[in-house]
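Everything numeric here is computed off the predicted structure, so don't read it as measured data.
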Amino acid sequence: MIADIPLRKKIALELFRKYRHNAAKIHQLNYLFWECTLRCNLNCLHCGSDCKKEAVVKDMPVDDFIAAVDDVSDIVDPHQTMIVFTGGEPLVRQDLEICGQKLYDRGFPWGMVSNGMGLNEQRLQSLLQAGLRAVTISLDGMEAAHNWLRGNKNSFKNAVRAIELLAKIPDLKFDVVTCANQKNLKELGTLKSFLMEKGVSEWRIFTVFPIGRAKRYDDLQLTSIQFKSLFDFIKAERKSGGIQLNYGCEGFLGNYEGEVRDDLFFCRAGINVASVLVDGSISACPNLRANFTQGNIYQDSLKDCWQNRYDKFRDRSWTKKGVCASCDYFRYCEGNGLHLRDEKNEDLLFCHFKRIQEGENSINT
């Protein structure tokens with residue numbers, strides 16, 4: 001019930017609700033993701049895109065993406081709009097520097113999300129010279145757990161090498177992201193100490209859900225008790241300090257809101273975040289495809305799509321159905337992260353708050 005939320009937190013949630021609605025009205029584009037490839041040098045168990053070494057869809061030419069960026073140039077402030085290369089694995093492309101330089105010349109900061117396999121000192125310096133400003137490296141536990149998830153015996157070694165290289169670069173923003181699962185849950189404390197030793201100051205943890213390739217592997221899913229214990233761990237470690245730890249952006253977390261990440265829950269897909277997928281599709285969070293596509297840069301204007309479409313993202317009233325229809329917390333959640341909704345009938349596939357409640361009930365019985 002709503003009454004279960006402490007008054008102070010309820011006031012914060014109500015104020016933040018108004019902020020969310022105002023942000024949706026303004027919909028200032030601050031993040032643009034470019035899915036520059038579906039090729040990958042790993043075969044990760046939890047891959048939502050089911051990426052492979054050779055992809056069916058060819059890489060988008062740099063100039064095609066730059067044309068889309070130029071299309072929105074008069075409705076954004078380049079210095080306030082981050083462009084992020086994702087995939088697949090961006091570093092399998094050898095022309096990232098060409099795209100990065102073009103973005104830098106236009107005033108856009110840019111970064112990438114990488115598994116670290118292809119990042120050596122020479123490539124890093126080349127990327128930095130082209131204006132690289134931010135990097136996220138995936139490290140999913142200590143060696144055995146990480147290599148299990150990534151499907152490569154050298155993955156941990158190469159990811160750690162990448163982290164060590166990045167830690168030496170002044171003024172480069174970088175963080176490490178970890179997929180919590182049954183294989184690494186008990187070693188997250190050890191991993192925290194390891195990351196601190198390597199010079200990591202920012203760490204994000206996320207949980208994976210049964211979509212894409214991830215739905216094939218039961219070990220990726222936390223039980224309800226484990227799910228709750230993860231947030232207890234994050235809450236405690238944020239208090240102990242040493243590293244800036246946040247849970248990922250997805251999911252309303254009930255009384256854990258304000259305790260396990262810097263911001264309250266806000267799915268910014270289509271509100272501040274857009275993406276251009278490898279085939280030209282215009283979406284929001286890169287995890288959103290199919291039914292959430294708003295157009296295609298090869299037929300549509302990215303600017304026009306951003307200004308005049310995205311209704312599903314900016315008015316979430318349509319999500320109040322199924323398990324959400326009778327939920328007292330809907331006003332604060334508005335249907336959870338859109339990547340957790342079935343893209344065919346739009347029902348919610350996973351509710352963070354319900355899962356936490358199941359964990360609490362299991363512990364108390």
- Task: Show your reasoning for whether ring-ring contact (aromatic ring centres under 6.0 Å, His included) applies to Phe350 and Phe227.
- Result: CA-CA 12 Å; Phe350 189 95; Phe227 195 69; 5.6 Å; yes

- Of all the heavy-atom pairs spanning Gly335 and Thr319, show the shortest one and how long it is. CA-OG1, 3.6 Å

- Task: Count the heavy atoms belonging to other residues, nucleotides or ligands that lie under 6.0 Å from CD of Gln307, then report whether that count exceeds 12.
- Result: yes

- Task: Would you please classify the geometry between the Tyr247 ring and the Phe231 ring as parallel, tilted or perpendicular, with 30° and 60° separating the classes?
- Result: perpendicular

- Query: Salt bridge or not for Lys320 and Glu334, using N-O below 4.0 Å?
  - Reply: no

- Task: Count the heavy atoms belonging to other residues, nucleotides or ligands that lie under 6.0 Å from NZ of Lys153, then report whether that count exceeds 12.
- Result: no

- Message: My understanding is that only residues two or more places apart in sequence, or in another chain, count here; which of them pass side-chain contact (heavy atoms from CB on, under 4.5 Å) with Ser73?
- Response: none

- Message: Using a strict threshold of under 4.0 Å (side-chain N to carboxylate O), is an ion pair present between Glu97 and Arg123?
- Response: yes

- Message: What I want to find out is whether Glu360 reaches Arg355 closely enough, with some N-O distance under 4.0 Å, to be called a salt bridge.
- Response: no

- Item | NZ/Lys354: more than 12 non-hydrogen atoms of other groups inside 6.0 Å | no

- Task: Name all pairs fulfilling the ring-ring contact (aromatic ring centres under 6.0 Å, His included) condition that reach into residues 75-102, sequence neighbours left out, sorted by first residue then second.
- Result: Trp34-Phe85, Phe85-Trp110

- Message: Suppose we screen for side-chain contact (heavy atoms from CB on, under 4.5 Å). Which residues come up paired with Ser301, at least two apart in sequence or across chains?
- Response: Asp71, Lys303, Asp304

- Message: Between Glu89 and Arg93, does any NZ, NE, NH1 or NH2 come within less than 4.0 Å of an OD or OE carboxylate oxygen?
- Response: no

- How long is the gap from SG on Cys179 to CG on Leu220, to the nearest 0.5 Å? 6.0 Å

- Query: Same hydrophobic cluster for Val92 and Leu96, using side-chain heavy-atom links shorter than 4.5 Å among ILVMFWY?
  - Reply: no

- Message: Between Asp140 and Lys183, does any side-chain N to carboxylate O distance fall below 4.0 Å?
- Response: no

Acceptor/donor pairs from residues 169-176 side chains to any protein atom, 3.5 angstrom cut, sequence neighbours excluded:
residue	atom	partner	partner atom	Å
Lys173	NZ	Glu202	OE1	3.2
Lys173	NZ	Glu202	OE2	3.1
Asp175	OD1	Thr136	OG1	2.6
Asp175	OD2	Arg204	NE	2.8
Asp175	OD2	Arg204	NH2	3.2

- Message: Tell me the closest heavy-atom pair linking Leu222 and Gln182, and the distance in Å.
- Response: CD2-N, 3.8 Å

- Considering all heavy atoms of both residues, which atom of Arg161 and which atom of Gly116 are nearest to each other, and what is their separation? NH2-O, 3.9 Å

- Do Lys198 and Glu164 meet the salt-bridge criterion of a basic N to acidic O distance under 4.0 Å? yes

- Item | Side chain proximity check, Arg39 to Lys58, heavy atoms < 4.5 angstrom | no

- Message: Quick check against the 3.5 Å criterion: does Asn336 have a side-chain atom that pairs as donor or acceptor with the backbone of Gly251?
- Response: yes

- Minimal heavy-atom distance between Lys192 and Ser240, with the atoms involved, is NZ-OG, 3.0 Å

- Does any pair with a residue in residues 185-208 pass ring-ring contact (aromatic ring centres under 6.0 Å, His included), and if so which ones, sequence neighbours excluded? Phe156-Phe194

- Tell me, please, which residues at least two apart from Asp105 pass side-chain hydrogen bond (donor to acceptor under 3.5 Å, both in side chains). Gln101

- Determine the minimum heavy-atom distance between Met82 and Gly111, stating which atoms define it. CE-N, 3.3 Å

- Note on the structure: In short, Gly270 meets Tyr310 closest at the heavy-atom pair CA-CD2, 3.5 Å

- Query: For Tyr332 and Glu14, what are the C-alpha separation, side-chain angles and deciding distance, and is it a side chain to side chain donor-acceptor pair (under 3.5 Å)?
  - Reply: CA-CA 8 Å; Tyr332 306 136; Glu14 289 291 347; 2.7 Å; yes

- Are the side chains of Leu38 and Glu35 in touch, meaning some heavy atoms are under 4.5 Å apart? yes

- Item | Atom CD of Gln122: over 12 foreign heavy atoms under 6.0 Å | no

